[in-house]
Amino acid sequence: MPQLIVLPHVELCPEGAVIEAKPGMSICDTLLENGIEIEHACEKSCACSTCHVIVREGLDSLNAAEELEEDMLDKAWGLEPNSRLSCQAIIDAQDLVIEIPKYTINMVKEGHH
């Protein structure tokens with residue numbers, strides 16, 4: 001099973017994390033299932049950019065970003081060439097290293113459960 005390695009994030013995951021990931025699941029669902037409360041204001045419908053992550057390793061193993069995701073990424077804070085929306089990035093068989101950006105476009109915190 002591939003590993004999802006999450007680099008430390010001051011609020012969501014201060015120590016970082018190593019998660020056993022299930023191929024076929026999105027990065028967002030994998031994080032949420034493992035107690036990392038990444039923001040997902042549009043409920044994972046690819047209508048915002050709050051679940052933006054930067055894929056530091058393993059980007060080529062993910063499914064290709066579709067045009068709608070590319071359009072939404074343009075609104076993300078701290079966009080990089082290896083940025084993805086975690087709700088759209090589907091894990092395959094390769095390990096991934098991701099960074100959750102310090103800020104999102106939506107700075108208001110909501111309870112997501």
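Reckoned from all heavy atoms, side chains included, excluding hydrogens, waters and symmetry mates. Throughout, residue positions are numbered sequentially from 1 according to the sequence presented.
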Give me the atom names and distance for the closest heavy-atom approach of [X] to [Y].
X     : Y     : answer
Gly78 : Ile54 : O-CD1, 4.1 Å
Met72 : Cys48 : SD-N, 3.5 Å
Ile91 : Ser26 : CD1-O, 4.1 Å
Cys51 : Cys87 : SG-N, 3.3 Å
Arg84 : Val55 : CG-CG2, 4.1 Å
Ile36 : Ala17 : CD1-CB, 4.0 Å

Cluster check [X], [Y]: I/L/V/M/F/W/Y, side chain < 4.5 angstrom:
X      : Y     : answer
Val53  : Val6  : yes
Leu12  : Leu4  : yes
Ile100 : Leu96 : yes

Could you check whether any side-chain heavy atom of [X] comes within less than 4.5 Å of a side-chain heavy atom of [Y], counting everything from C-beta outward?
X     : Y     : result
Lys75 : His52 : no
Met1  : Ile19 : no
Cys42 : Thr50 : no
Leu73 : Ser49 : no
Pro8  : Cys13 : no

Next item on the list: Please assess Thr30 against Lys22 for the test side-chain contact (heavy atoms from CB on, under 4.5 Å), listing each intermediate value before the final yes or no.
Entry: CA-CA 8 Å; Thr30 301; Lys22 295 178 193 138; 5.9 Å; no
Margin query: Checking Glu80 now: which residues fulfil salt bridge (charged side-chain N to carboxylate O under 4.0 Å, His left out) with it, not counting sequence neighbours?
Written below: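 Only Arg56 meet the salt bridge (charged side-chain N to carboxylate O under 4.0 Å, His left out) criterion with Glu80.
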What is the distance from atom [atom1] of [X] to atom [atom2] of [Y], rounded to the nearest 0.5 Å?
X     : Y      : atom1 : atom2 : result
Glu11 : Tyr103 : CD    : OH    : 9.0 Å
Ser86 : Ile38  : OG    : CD1   : 3.5 Å
Glu33 : Cys28  : CD    : SG    : 11.5 Å
Asp95 : Gln3   : CG    : CD    : 5.0 Å

Check: Would a distance-only check, ignoring hydrogens and angles, find a side-chain to backbone donor-acceptor pair under 3.5 Å from His9 to Pro101?
Finding: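 Pair found, side chain donor or acceptor close to backbone of Pro101.
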Notebook entry, point to check: Under the 3.5 angstrom rule, does the side chain of Asp29 hit a backbone N or O of Met25 as a donor-acceptor pair?
Noted result: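 Checking the backbone N and O of Met25 against the side chain of Asp29, no donor-acceptor pair under 3.5 Å is found.
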Side chains of residues 59-67: which donor-acceptor partners sit under 3.5 Å, not counting sequence neighbours?
from, atom 1, to, atom 2, distance (Å)
Ser61, OG, Gly58, O, 2.8
Asn63, OD1, Ile90, N, 2.7
Asn63, ND2, Gln88, O, 3.1

Checklist line | Pair Leu32-Lys44, side-chain contact (heavy atoms from CB on, under 4.5 Å): steps then yes or no | finding: CA-CA 11 Å; Leu32 293 170; Lys44 303 178 272 189; 4.2 Å; yes
Notebook entry, point to check: Which ILVMFWY residues can you reach from Leu7 by hopping between side chains whose heavy atoms are under 4.5 Å apart?
Noted result: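 Ile5, Val18, Val97, which link up through side-chain heavy atoms under 4.5 Å apart, make up the rest of the cluster.
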